[in-house]
There are 2 protein chains.
Amino acid sequence: MSRWEPNAPARLAQAAMELFAEAGYEETTVARIAERAGLTERTFFRHFADKREVLFAGSSELEALFVDTVAAAPESAGPMQAVAAALEQASGWFVDRRTFARARQAVISSHSALTERELTKMARLATALARALRERGVEEPAASLTAEAGVAVFRVAFERWTAPREKRPLGEIITEALGELRTITSE
Amino acid sequence: MSRWEPNAPARLAQAAMELFAEAGYEETTVARIAERAGLTERTFFRHFADKREVLFAGSSELEALFVDTVAAAPESAGPMQAVAAALEQASGWFVDRRTFARARQAVISSHSALTERELTKMARLATALARALRERGVEEPAASLTAEAGVAVFRVAFERWTAPREKRPLGEIITEALGELRTITSE
DNA sequence: GCACCCGATGTCAGAGACTGTCATCAACTA
DNA sequence: TAGTTGATGACAGTCTCTGACATCGGGTGC
């Protein structure tokens with residue numbers, strides 16, 4: 001038997017989500033989060049670079065999914081088609097996660113510091129996508145623009161998907177948004 | 001004669017730029033910035049919400065320029081044309097500011113906390129643009145998508161414009177990027 | 001000209017995020 | 001059995017940011 005309870009990062013992440021939802025982000029101290037997880041403040045900072053980061057542990061997983069899908073797209077696919085394929089994959093990933101996603105988005109929207117961190121994650125995603133496109137032979141600035149536009153579509157669609165009375169699946173909203181983007185830019 | 005030296009915010013902003021460039025963002029304390037400006041730390045926080053904000057004082061001015069230009073575009077102009085007009089205006093605003101812009105971008109790129117704040121400013125800009133478009137009668141999600149795509153073009157173009165050996169004017173780079181965006185999305 | 005208020009700043013104390021450093025101790029390894 | 005490793009605890013310290021109250025030159029009403 002191990003000396004400590006396993007999964008310290010996951011326990012910290014769950015404690016943080018609960019406390020942020022119960023009492024608010026500002027009002028929750030890191031010491032309090034660590035206490036609920038049965039750890040100390042110092043250990044929190046060994047697992048997460050800062051207080052905000054605890055809400056974004058899964059984002060690298062999503063990034064990998066995007067990148068891998070772009071890399072795996074058929075050679076014949078254009079850059080936007082490759083990105084569209086990645087958006088499709090992402091919508092699959094989020095199926096069955098809508099309730100959690102809504103709760104998490106509510107917490108993030110409640111404080112600008114968290115919104116700010118989410119923007120950083122989206123920017124990371126765009127950078128990673130651009131690199132994946134360049135590795136497919138797409139030149140700059142097309143690679144960066146496609147990546148940025150793709151992430152913009154994802155962000156707008158995701159926001160609608162987590163809106164209160166929205167029922168449609170994410171994939172459908174993304175497809176619609178991609179169509180809108182095409183209409184807009186052809187004007 | 002006034003009781004204090006005038007332009008406290010401007011003095012703080014200049015002191016901050018100098019110190020960040022000389023010693024680095026992390027290494028520079030707010031107390032040190034205030035000292036160079038002949039003020040106290042407490043006064044710094046009366047003028048700027050946090051340490052990062054001191055580098056982004058001018059961003060609301062740029063935002064207003066964007067919004068006003070979109071609002072002033074001819075009724076016949078489509079959403080992307082209105083945003084393109086705003087991008088044109090912005091390139092005019094930055095003429096004669098290239099050296100300063102390069103120095104500022106160098107500081108911002110040097111620390112993730114500053115990059116993060118810049119992303120927030122860009123997101124604000126996109127939100128403001130989307131609102132301006134809706135006031136022109138553009139529906140969602142077209143308004144948000146056009147705004148996001150426009151800001152993506154601006155960001156990509158601005159980054160190229162401040163790159164080391166780049167000589168072309170911002171307007172030219174923006175026009176090129178807009179063309180690229182059209183090509184990409186029509187695939 | 002005088003009493004009064006206003007607004008920008010200073011002073012001080014304190015909470016909370018984050019870091020460096022060293023100690024602890026179960027599990028593993030030679 | 002002795003030594004090493006790796007996750008954690010303990011503790012002190014720095015820095016960001018906030019609240020509360022004091023200061024005082026300049027303008028305002030009279």
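Note on naming: letters A, B, ... go to the chains in the order of the sequence lines (proteins, then strands), and numbering restarts at 1 for each one.
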- Heavy atoms from other residues, nucleotides or ligands near CD of B:Glu53 exceed 12 (cutoff 6.0 Å): yes

- Calculate the interatomic distance between A:Leu114 atom CG and C:dA17 atom C1'; express it in whole Å. 14 Å

- Item | Rounded distance (Å) that lies between atom C1' of C:dA15 and atom NZ of A:Lys51 | 12 Å

- Separation of C:dC18 atom C1' from A:Arg32 atom CZ, nearest Å, is 20 Å

- Task: Rounded off to whole Å, could you give me the CZ-to-C1' distance for the A:Phe45 and D:dT14 pair?
- Result: 14 Å

- Task: Round to the nearest Å and state the distance from A:Phe44 atom CZ to D:dA7 atom P.
- Result: 18 Å

- Task: Mind checking the NE2-CZ spacing from B:His111 to B:Arg52? Nearest 0.5 Å is all I need.
- Result: 9.0 Å

What's touching nucleotides 9-14 of chain C from the protein side, N or O pairs under 3.5 Å?
unit_1	atom_1	unit_2	atom_2	d
C:dT9	OP2	B:His47	NE2	2.7
C:dG10	OP2	B:Thr40	N	3.1
C:dG10	OP2	B:Thr40	OG1	2.8
C:dG10	OP2	B:Thr43	OG1	2.5
C:dG10	N7	B:Arg46	NH1	3.3
C:dG10	O6	B:Arg46	NH2	2.6

- Query: Is B:Arg36 reaching over with its side chain to a backbone N or O of B:Ala31, donor-acceptor style, under 3.5 angstrom?
  - Reply: no

- Atom-pair distance (NE2 on B:His111; P on C:dC18), nearest Å: 12 Å

- Do B:Arg136 and B:Glu75 meet the salt-bridge criterion of a basic N to acidic O distance under 4.0 Å? no

- Query: Can you tell me how far P of C:dG16 sits from CG of A:Asp50, to the nearest Å?
  - Reply: 18 Å

- Strictly under 6.0 Å, is that where the ring centroids of B:Phe48 and B:Phe56 end up? no

- Query: Tell me: CD of B:Glu27 to P of C:dT19, nearest whole Å?
  - Reply: 13 Å

- Query: Name the one of B:Glu27, B:Glu26, B:Lys51 that satisfies side chain to side chain contact (heavy atoms under 4.5 Å, CB included) with B:Phe20?
  - Reply: B:Lys51

